[in-house]
Each structure stands twice: as C-alpha cells, then as structure tokens.
A.B. asks: 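Sharing a structure, written as structure tokens. Questions coming.
Within every chain, numbering begins at 1; the chains are lettered A, B, ... in the order of the sequence lines, protein sequences first and strands thereafter.
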Amino acid sequence: MKDIRKKLSELKELALKERLNIAEEIRQLESKLHGGNHNNNSAWSKVKLSRLIERPTTLDYINIIFDDFIELHGDRLFADDPAMVGGIGLLNGRPVTIIGQQRGRNLKENLKRNGGMALPEGYRKALRLVRQAEKFGRPVVSLVDTQGAYGGVEAEERGIAEAIARNLKEFFAVKVPIIVVIIGQGGSGGALGIGIGDTVFMLENSTYSVISPEGCASILLRDGSKAQFAASIMKPTARDLYFFKVIDEIIEEPAGGAHTNPEVAAANIKNAIWRELVRLMPLPKEQLLKERFEKFRKMGVFFEKQDAKKGILRRLFGRKNNR
Amino acid sequence: MKDIRKKLSELKELALKERLNIAEEIRQLESKLHGGNHNNNSAWSKVKLSRLIERPTTLDYINIIFDDFIELHGDRLFADDPAMVGGIGLLNGRPVTIIGQQRGRNLKENLKRNGGMALPEGYRKALRLVRQAEKFGRPVVSLVDTQGAYGGVEAEERGIAEAIARNLKEFFAVKVPIIVVIIGQGGSGGALGIGIGDTVFMLENSTYSVISPEGCASILLRDGSKAQFAASIMKPTARDLYFFKVIDEIIEEPAGGAHTNPEVAAANIKNAIWRELVRLMPLPKEQLLKERFEKFRKMGVFFEKQDAKKGILRRLFGRKNNR
Amino acid sequence: MSVLGKVRAWFRGEYSRKHKLITHFIKDGDERLFVEKKHECPACHEDLNQPELEEAMYVCPNCNHHFRITPWERIKFTADGGVFHEFASDLESQNPLDFPDYEKQIASDMKKTGLKEAVVTGICRIERKEVVMAIMAFQFRGGSVGSVVGEKVTRAMLLAAEKGLPIVIFTASGGMRMQEGIFSLMQMAKTSAAVNFLEERKIPLFIVLTDPTSGGTTASYGMLGDVILAEPGALVGFAGRRVLDGTIKEKLPDNFQTAEFQQEKGFVDAIVSRSDMRKTLSFLIEAHADAQRAWK
Amino acid sequence: MSVLGKVRAWFRGEYSRKHKLITHFIKDGDERLFVEKKHECPACHEDLNQPELEEAMYVCPNCNHHFRITPWERIKFTADGGVFHEFASDLESQNPLDFPDYEKQIASDMKKTGLKEAVVTGICRIERKEVVMAIMAFQFRGGSVGSVVGEKVTRAMLLAAEKGLPIVIFTASGGMRMQEGIFSLMQMAKTSAAVNFLEERKIPLFIVLTDPTSGGTTASYGMLGDVILAEPGALVGFAGRRVLDGTIKEKLPDNFQTAEFQQEKGFVDAIVSRSDMRKTLSFLIEAHADAQRAWK
Ligand SMILES: [Zn+2]
Ligand SMILES: [Zn+2]
C-alpha cells in the first residue's frame with residue numbers, strides 16, 4: 001500500500017514536469033486508494049477524528065511550519081477576535097501571510113476563543129491581513145478549522161453574513177496566491193469565509209460540509225440520533241470532496257491521525273504548501289485569478305436541456321481571459 | 001455695498017472666463033468687504049449664529065437643493081449613525097452623492113442624532129457612500145455641521161480616531177470631485193473627517209476651528225469664562241479662514257443669518273456647488289487629485305532657514321504629476 | 001438613448017440566437033400568478049378581500065404586512081408591461097449525493113409552483129431602462145440555493161457584466177440547499193465571485209431583500225449589492241432563529257433579524273414599500289448608470 | 001543588495017547636496033540623551049538606579065513600565081550604531097494667530113529639550129536596512145502637532161515614497177497644537193494625504209505608538225500604518241481623559257485607552273516591548289519590502 005502511494009506520488013511529479021494531463025486518472029486512482037468503502041462508519045470516524053481536542057490546531061501548525069512568526073491582531077474596526085488568528089511568518093525563508101481559525105487547546109482557552117467559531121471581526125481581520133499580503137506581494141496560507149461561524153446574537157448584530165460574503169468576493173480578487181488547508185473541521189460558511197483559494201488541500205482526516213451531521217439529521221432527516229447515517233449521506237470526508245473536485249488534493253496524516261505525530265502532519269502540510277507556492281508565485285496575476293474563478297465556477301451538478309447554451313458560456317469565460 | 005459685491009461677483013466670473021490670475025487681488029478685496037473689524041464681538045457673534053438651533057440643518061438644505069433625494073443608511077459594518085446622513089440626489093438633474101452631519105431640529109431629534117456628533121460608524125458610512133460615488137462617477141457634496149466627533153467611550157472603543165484618519169486619507173484619493181460646504185459649526189477633527197475636498201466653502205456665519213472657544217479658554221487660557229476672548233484669538237470665522245486660504249470661498253447668507261431665509265441660503269449654496277462642479281467634473285482625475293493635495297499641502301506657517309530645500313520640494317511635487 | 005437601442009437590437013437578435021429565451025407577458029389573471037390565495041392577514045388577522053389585496057400588491061391595507069409573493073407577481077409589479085424575457089429557464093436540479101427523497105421533493109415543488117427551480121432569471125425593463133433581473137421563489141424548496149440557483153444567479157451576473165446592464169436581484173431564501181451538500185455550499189463562492197465581474201465593469205448590483213432571506217444567501221450575494229434595499233418587516237439574517245433560540249440562550253431584541261434591525265445595524269441602505277419599489281429602482285438605476293454621462 | 005547600495009550612494013551624494021543633513025552619532029554618555037534622570041518608577045514606585053535603568057532601555061525592571069524617552073534615546077535603541085542622518089532640521093514654528101505667549105513657550109521648550117520642534121526626522125539603518133524614521137518628542141510642547149511637525153512628517157513620507165524606503169514613525173503626542181489654531185488642524189489632513197504617496201508605491205508605513213499618543217495624531221497618521229505596533233501600557237486614544245471624565249459621565253473600563261485596550265478593540269497589530277522593538281521592526285521591514293523579490 002505504501003509503495004503504491006509512493007509510486008503515485010512519483011507519477012504525479014512526473015506528470016507535472018512533463019505537463020501530461022493525466023490528472024483525471026490520478027484522481028480516480030487516489031480516490032480508490034484513500035479507501036473505497038463508503039459506509040457510515042468511515043465517514044463518522046473521520047468526523048470524530050476531525051473534532052478531537054488533541055488534534056493539532058492552527059497555531060500548533062504555524063509554530064512548526066513557519067519561522068519567526070509574528071501574530072498581527074485586529075480588524076481595525078471593532079475588535080480582535082481570538083477565534084481567528086493571523087500574521088506573517090517565513091516559509092523556508094520567504095515571507096507568507098497566514099490566517100486561520102483557532103480552537104482552544106483546553107477548556108479555558110476554548111472559552112476565550114469561542115471554540116474557533118469566529119465573529120464578524122474575525123473574518124474582517126482575516127480580510128485585512130489578506131489585503132495587506134496582496135499589497136506587499138506576500139502569498140497567503142489559510143488554515144481552516146471551525147465548526148462554523150459563531151452563531152450568537154452579536155454575530156448577527158455585527159453582520160456575520162456581510163463579513164463572510166465580503167470575504168468570499170474579495171478573496172476571488174486578491175492578486176497573490178492563496179493556499180487553503182482544511183486541517184480539522186470545515187464547517188459551512190464559517191469555513192468557506194476563509195476557504196477560497198487557488199489550491200484547496202484537506203488533511204486526510206478532516207471534514208468539510210454545508211451542515212454538521214447532527215444538524216443534517218435533525219433538520220433534514222428529522223431525527224437527531226441519525227447523525228452517523230447523516231454523515232455518510234453528506235459525504236464530508238477528504239476522499240469524498242476530492243472525488244467531487246471540490247478540493248484539489250489530500251494531505252496524508254500519520255497513521256492514527258495528525259495528533260499522534262503533529263511534526264509529521266506539519267511536515268506534510270509544509271511540503272504541500274511549498275510545492276504549490278513555488279508553482280503559483282510565478283504565474284501572471286490574470287491567470288491566477290482566472291483559474292481561481294474557473295475552479296469554483298465549475299462546482300455544481302445540474303441538468304441542462306439546451307446544449308446551445310454552451311456557446312455563450314464559453315464566450316463569457318473568454319471575457320475572463322482579458323481580466 | 002450691495003453694488004460692490006455685485007461688481008466683485010461679475011469680476012470673478014470674468015476672470016474665470018478669461019483665465020486671468022487675479023485671485024489674490026480678489027481675495028484681498030473680499031476679505032475687506034466681509035467686514036474688517038477683527039474684534040471679539042464679531043467672532044463671538046458668528047460662533048453664536050453658527051450654533052443657532054433655528055439654523056438650517058443638512059437635511060433642510062438637501063431638501064431644498066436636490067431633487068429626488070434618497071437617503072442611504074449604514075456603514076455595512078456595525079450600525080447606521082443618525083448623526084451622519086447621506087444619499088443620492090439630483091442637482092439640476094445630475095446625480096450627486098451627498099453626505100453631512102445632521103443635528104436635531106428639536107430636543108428629541110437632537111438626542112437621537114447625538115447633536116450631530118458622529119460616531120465611528122458615521123464616518124465609515126460617509127466613506128462607504130463616497131466610495132460608491134467614486135465607483136459610479138458621481139461627484140460628492142459634503143455638508144459640515146458638527147461641534148466635533150462624539151466624545152464618548154463607545155466612540156473610543158469603536159475607533160473614532162481610526163475612522164477619521166481613514167477618511168482623511170481616503171478622501172484625498174477619491175477620483176471624483178468633492179465639494180465641502182461648512183454650513184454651521186466646523187468642529188475640529190470631527191468636521192475635517194468629511195471636510196477634505198477640491199473646493200471648501202463656508203457659509204458667511206459658520207465657524208471652523210481646532211477646538212471650541214470654550215475649550216480653548218479652559219485648556220489654554222485656563223479660564224473657562226474667556227470664551228469670547230478665545231473666539232477672537234482662534235480666528236474661526238469664514239472671513240478669517242478665507243484670509244488664511246484654508247477655505248476657498250465664502251457663501252453669503254441672507255441678512256440676519258441663514259435661518260431668516262433658508263431658501264435664499266440654499267439657493268446661494270446650490271449656485272456655488274453647481275458652478276464648482278461644472279468646473280471640476282471635466283478635469284482629468286490626475287489633475288483633480290494633484291490640486292486637491294497641493295491645496296492642503298500648503299497649509300501651515302513655519303520658518304525655514306535653508307532655502308535650498310525648495311529645490312527638492314519642487315521635485316517631490318513633480319512626481320505627483322505622474323500620479 | 002442609443003445604448004438602450006443597441007441592447008434592444010442585440011437582445012432581439014444575437015442574444016436570442018444563443019440563448020433559448022422565453023418571453024412572458026404577465027398580466028392580471030395570468031394563471032401563473034396566484035400560487036395561494038389569502039383570506040386573512042397573518043400579521044393582523046384582518047379578513048382580506050382577494051381582489052383588493054391584489055390591487056394593493058399583496059400588502060395588507062390594514063397593517064402594511066408585505067405578503068410573500070411569487071416571481072411572476074414580482075415581475076408584474078416591477079417590469080414594464082409585465083414583459084420578461086427569461087433565460088436559463090431549463091436548468092434542473094440533480095441529486096449528486098443521492099439524498100433520500102430529494103428528487104421527489106423537487107418534482108412536487110415543480111408541480112406545486114409551476115417553476116423549475118427557486119429562481120427565475122431574465123431581462124426586462126424598469127421605466128424603459130433595460131436590466132437583468134433575478135427573482136427568487138421562497139415557494140420552491142424554501143428558496144434554498146442548490147447548484148441550479150447558484151448557476152442561474154451567476155449567469156445573470158456574468159450576462160449583466162458582459163452586456164453592461166444593471167442587475168436587480170430579489171432575494172427570498174432559507175439558505176443553502178442541504179440536500180446538495182457541499183455543492184450547495186460552493187454556490188456561495190461561485191455567486192460571490194461573479195460579483196467581481198460586475199465590479200470590474202462598474203455595473204451596479206441592486207439587491208432587494210424580501211421576506212425571508214437568510215443563511216448562505218444573505219452571506220453571499222445578498223450582502224454584496226452596491227445598494228441593498230429591503231421590504232418592510234422582511235426577515236433578514238444569517239443563522240436560523242431555530243438555531244439561535246435552541247442552542248444559544250440569549251435574549252433576542254424585539255426586531256431581531258428584521259429589515260428594520262438590519263438597517264439599524266448598518267446593512268440595509270433603505271427600506272422601501274412594495275408600492276414604491278419600482279420607482280425607487282428606476283431612480284437608482286439612473287443615478288448609477290448615467291452619472292458620468294449626465295455630467296458630460 | 002543593489003537597491004540599498006544605490007540608496008546609499010544617493011544618500012551620500014545627491015541627497016546631501018539638496019538637503020542640509022546633520023549626521024548624529026548617538027552613543028552612551030551623549031549629552032543629548034538624558035532629558036530628565038529618573039530615580040523612582042512612576043508605576044510601581046520602586047527606587048531605581050540610573051545606569052541600570054539605562055541598560056534596560058528605560059523599562060522598569062520591576063514592573064515593565066516603559067518610561068517616556070527622547071528621540072535621541074529612541075535613535076540609540078533603534079538605529080544601527082546610533083547613526084542618524086537628520087533632515088528638515090531647521091524648521092521652526094511661527095505664531096500665525098499671535099497666540100499669547102506662544103513664542104515664549106516654544107523658546108523655553110527649545111532650551112529645555114535641545115530640540116527645535118516636537119519631531120525629529122531622518123534616515124538611518126535598522127539591521128542594515130535603510131529606513132526613513134520620524135520620532136516624536138512628548139517633551140516638546142507635549143508632542144503637539146503644529147505646522148512644523150506636520151510639515152516634517154509629511155516630508156518624511158514623501159521622501160520615503162520618492163526613494164522607495166520603508167518608513168517608521170514613533171508617535172508621542174497630546175494632539176494638535178491649539179496655539180496654531182486651524183493651521184494645526186490642517187496638519188491632520190496634510191499628513192494623512194501624504195500616506196497615499198506611500199500606498200501608491202507600496203512603501204510600508206510602520207507606526208509605533210508610544211506613551212502617550214492621543215488626539216489628532218491618533219486620528220491621522222497614527223492610525224494609518226500598514227502595521228501598527230505599540231509599547232506596553234502606552235496611553236493611546238482620541239479624546240483626552242479630561243474631556244471624557246469631565247463632560248461625559250460614563251464608567252470607563254480599567255484598561256481604557258491603553259495599548260492593550262486598543263489591541264483588544266482591533267486597532268493595534270502587536271504590543272512589543274522596547275527590548276524587542278528593533279528586531280521586530282527589522283523582521284517586518286524585511287517581510288514587507290522583500291516579499292516579491294524573495295519569491296522570485
Ligand atoms: Zn395585516
Ligand atoms: Zn516599575
């Protein structure tokens with residue numbers, strides 16, 4: 001099994017070098033490799049793994065991956081949200097802006113950090129730092145780890161919807177590469193609010209979904225006890241999302257999960273980020289933005305009777321080239 | 001006297017048409033015309049007039065000057081500040097964005113509107129509307145009428161300093177004409193926060209100063225009862241500021257003050273705004289920004305021994321041309 | 001105006017050759033109009049007379065309650081002559097997650113509403129000014145946003161950007177369509193991304209928040225308008241009240257998550273009655289589209 | 001680095017021909033350093049030993065209280081080798097309003113501090129990276145901003161923009177200088193306008209808020225840094241506490257208007273101890289100036 005993975009990884013590098021378009025075939029292979037049994041237990045076990053309190057957090061990874069990290073605070077508008085962290089670090093000596101949700105690593109810290117559920121000011125801080133990165137040509141690494149945006153009255157009062165919407169739009173216009181890594185829970189709009197990027201990675205045992213399995217069970221299946229079943233329906237695992245082409249690549253964790261050896265998990269993330277940044281940094285900004293948009297533009301499954309329409313859509317894409 | 005004024009006004013139009021540079025001579029003449037006696041009473045009487053509760057407010061002028069005004073609310077961040085109003089109206093059929101502080105016209109309204117003392121969200125609303133105007137090519141009219149920014153704890157908490165600073169910087173970068181009219185009190189940074197423009201007008205009985213005469217008396221003169229004397233020292237009248245070249249022109253009020261005939265005052269404002277917008281709208285954006293900067297750049301009085309420095313300053317200005 | 005002239009020519013020729021356009025003429029008595037007849041105001045419980053209510057644009061004459069209406073009613077009240085040229089009319093939802101009963105639910109809503117999905121997109125005129133318009137239907141799966149709604153809204157924005165037409169979106173939505181899982185979440189990204197195409201070309205986006213607008217719709221294009229209008233009393237928020245009431249025990253303000261609350265909090269430019277909506281939109285379209293020309 | 005090389009050449013040649021540059025070498029024992037000797041910590045009232053305090057960069061070893069220091073001390077702690085090339089050194093204030101006693105006050109502060117005005121501007125290096133630096137002096141008229149301070153800060157920004165050098169401003173100010181009336185207010189406009197020249201050329205502006213920074217200084221360039229640092233415990237606010245306590249009867253939070261309060265409220269990026277300031281600035285300058293080059 002390990003050998004196959006190694007071979008596959010070699011194949012991928014080769015394909016990249018030779019500019020062979022075998023991405024689709026590799027995707028199929030990998031999807032099978034990462035375990036084929038789509039049953040309740042596998043999805044649910046990932047959900048549980050992704051939520052482990054022992055699982056490394058954003059700051060844990062930052063401390064291992066980046067040298068000389070300086071945390072920068074505040075949205076310059078209302079507050080500094082401890083559930084969202086950010087700053088500047090060096091990745092192999094090159095400056096990078098990092099943002100990410102931060103859970104607590106114990107009960108007390110979790111209280112202070114709202115369990116990694118950010119308020120509007122958290123999303124606005126992230127946007128401020130991303131714009132700062134853009135201004136000075138630094139790429140952005142975004143680490144996603146949240147069950148969702150904070151759902152309280154203050155969040156509504158201060159415009160959590162506006163804050164997420166603004167980020168979604170602005171992240172698509174940022175003229176430096178953005179690498180997203182879902183390291184734990186990718187919960188709905190709260191995750192997506194810092195989840196737009198040129199390359200979206202998921203750690204092997206992380207999850208990403210529009211609603212929690214519990215939420216899905218109680219709202220759609222009208223039976224709160226069916227969370228395990230809901231998890232299997234929602235298809236929130238890295239494998240599922242890779243198959244759906246919603247994410248670009250899965251980053252392996254050490255056997256047993258990232259918490260068993262954070263150093264190894266961090267090294268894998270570091271390699272993946274570095275590889276992508278080396279690829280993305282030289283790209284013309286127009287191409288970067290165009291490809292970022294087109295990737296997300298394709299997400300969605302629907303049926304369209306009239307094929308003629310493809311003509312105008314292609315023209316619309318054509319316009320994008322001139323961006 | 002009226003005849004002299006009429007002649008002067010004709011002279012100005014002629015000069016404009018013929019592109020004669022007699023601005024300095026006109027300034028001297030006008031300065032004399034608007035009353036020569038710089039005594040305590042004249043400054044203090046203006047201060048009192050500028051604060052009259054009966055004095056027309058921003059919305060009063062908007063309603064007379066603009067057709068089809070629609071008020072637009074909110075900073076899209078935290079709140080809608082009733083002490084700062086804004087929206088879109090038609091000036092002789094052309095769309096214009098209008099912002100301005102709004103006092104209450106009675107005790108109850110004054111309470112709701114914090115007496116026209118805006119909070120950070122007020123300044124951020126103004127900036128949002130100005131940026132919207134810029135995006136769609138509408139010029140901006142800013143009506144200043146405030147004793148200052150709101151000075152409470154909430155203002156500090158939500159960053160009144162940041163909000164004013166941001167506006168100062170951004171107003172200098174806005175690529176549409178901005179006309180400022182000080183219609184009542186121009187109180188310190190709170191006034192300046194919407195007070196940057198290509199043309200700054202003052203109504204004849206309005207005032208503009210870094211601190212209120214009362215504040216000056218108690219802080220600098222250490223005697224709160226010396227407000228009248230302080231007013232004369234501060235030189236806060238339209239005439240003073242016109243002489244200092246801090247404002248560009250004085251708009252006449254009906255005899256006795258604007259409140260005696262708001263329609264006439266409004267008509268004078270409308271004419272002044274219209275004349276300036278007709279002049280400014282066709283200007284290249286680079287010239288507009290350059291002249292806006294240079295006007296404020298010159299404000300300040302100091303002594304410099306070394307004349308050689310002028311060389312490099314001119315070069316610095318030269319760069320601005322390439323903006 | 002020659003630009004409008006050109007648009008009209010394009011619209012009748014080039015455009016219709018590439019898109020299948022369905023032209024609707026919505027008039028009184030159109031069978032598409034009345035999804036459900038009302039006999040009582042849900043707000044003040046006043047007995048209502050259907051023709052009178054229709055006359056009042058489905059606004060309670062007693063208490064100003066704005067009823068939820070269908071896209072066809074909205075078109076009748078907004079578009080010149082009730083004429084609406086619909087595009088992307090034949091997109092239909094799939095069931096990418098094999099979610100239990102999802103196909104049945106879609107089929108049933110199609111039958112119930114006569115709509116194919118929770119948004120109708122097209123081109124029409126508002127006081128002679130051509131605009132792209134998208135109108136969401138709360139009647140169809142609670143106006144939830146799946147791949148079809150996301151795609152149609154995105155196409156509407158791209159088309160407006162391409163053709164230089166202003167765009168008006170009436171929202172009415174319970175949020176993302178969870179039956180489509182991660183694909184529905186990604187519609188937030190896709191639609192928000194499309195707003196940049198409008199921005200780039202300085203095409204104004206007018207959002208009208210109608211009752212109810214919540215979840216991912218608010219947290220994407222719903223909050224990205226150059227101007228955001230709302231109907232009086234409309235529920236506008238992010239998290240469902242159920243979530244808020246249930247899991248977080250906080251006392252909610254009286255007007256919590258209403259249009260009025262959102263205006264107070266700075267997120268709504270103006271609250272506009274249904275009877276004033278058409279002329280307000282018309283004014284705003286002119287003030288945004290013609291500013292530079294008007295000052296030339 | 002060739003850019004720095006060029007700057008150095010320019011600096012020694014072209015620049016000094018046009019500006020009167022005064023090169024300072026600030027070293028221990030320099031007579032410009034000690035404006036006032038301290039024998040007791042104003043925060044914890046611990047007895048202090050002057051050489052030890054100096055060794056600790058005027059930070060109380062007992063309670064971490066950061067003493068107010070003069071521009072020369074700041075330069076000694078920040079600039080490579082204490083070398084500072086001062087420009088615009090001979091600007092002097094006038095009395096445009098004929099404000100009573102103003103000339104006398106200026107003359108007395110000049111004598112007391114050895115400074116000509118409340119800011120010192122120049123060029124120096126921080127860990128080999130050339131920067132423009134402006135350091136305000138609270139010791140001179142409470143660091144208030146009149147025409148001279150506004151002009152010098154503006155020139156510093158324009159020079160940084162012209163020469164492509166990053167700029168660091170240490171603030172320390174009671175606000176605008178009211179004796180210069182409307183002219184002092186206009187310095188807020190002028191200095192804020194100059195920030196656009198930095199932005200245009202993507203020159204980073206680093207603000208370091210030191211005790212105390214308030215009024216118009218906070219409400220102009222003080223809040224416009226790309227990165228805003230603050231020293232621990234520094235008072236940072238807009239309205240004076242006197243105004244707040246006096247006219248508005250509200251209960252103030254414990255840490256009200258401190259650097260820590262401002263960080264909590266989102267306006268300060270990081271609070272940095274004096275002993276870490278030099279290396280923090282050095283790191284930030286590199287991360288901002290060299291990003292695009294580093295990734296090439
Ligand atoms: Zn009713
Ligand atoms: Zn101490």
A.B. asks: Just do the side chain to side chain contact (heavy atoms under 4.5 Å, CB included) check on C:Leu165 and C:Val131 with the steps written out, would you?
C.D. replies: CA-CA 5 Å; C:Leu165 293 176; C:Val131 295; 5.8 Å; no
A.B. asks: If we ignore hydrogens and angles and just use 3.5 Å, is the side chain of A:Ser206 paired with the main-chain N or O of A:Ile182 as donor and acceptor?
C.D. replies: yes
A.B. asks: Quick check for you: among C:Pro253, C:Gly146, C:Ala189, C:Gly266, which has the greatest number of heavy-atom pairs under 4.5 Å with chain A?
C.D. replies: C:Ala189
A.B. asks: In terms of heavy-atom pairs under 4.5 Å with chain A, which of C:Met223, C:Glu199, C:Gln179, C:Gln187 leads?
C.D. replies: C:Met223
A.B. asks: Sort C:Thr218 into side chain, backbone, both or neither according to what part of it lies under 4.5 angstrom from a heavy atom of chain A.
C.D. replies: both
A.B. asks: Given heavy-atom pairs under 4.5 angstrom as the criterion, report whether the side chain, backbone, both or neither of C:Tyr221 touches chain A.
C.D. replies: neither
A.B. asks: Between chain A and each of C:Met176, C:Glu180, C:Arg177, C:Met188, count heavy-atom pairs under 4.5 Å; write down the option with the most.
C.D. replies: C:Met188
A.B. asks: Please list, chain by chain and in numerical order, all residues satisfying salt bridge (Lys or Arg N to Asp or Glu O under 4.0 Å) with A:Asp145, sequence neighbours excluded.
C.D. replies: A:Arg103
A.B. asks: Using heavy-atom distances under 4.5 Å, tell me whether A:Arg158 contacts chain C through its side chain, its backbone, both, or neither.
C.D. replies: backbone
A.B. asks: Check this for me, if you would: do C:Lys152 and C:Glu117 make a salt bridge, where the nitrogen-to-carboxylate-oxygen distance has to be below 4.0 angstrom?
C.D. replies: no
A.B. asks: Taking A:Ser188 for its side chain and A:Gly190 for its backbone only, find out whether a donor-acceptor pair lies under 3.5 Å.
C.D. replies: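 No: the side chain of A:Ser188 does not pair with the backbone of A:Gly190.
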A.B. asks: At a heavy-atom distance under 4.5 Å, which candidate from A:Asn167, A:Ile211, A:Ile196 has the highest pair count against chain C?
C.D. replies: A:Ile211
A.B. asks: Taking the inter-plane angle between the rings of A:Phe244 and C:Phe183 on a 0 to 90° scale, is it parallel (under 30°), tilted (30 to 60°) or perpendicular (over 60°)?
C.D. replies: tilted
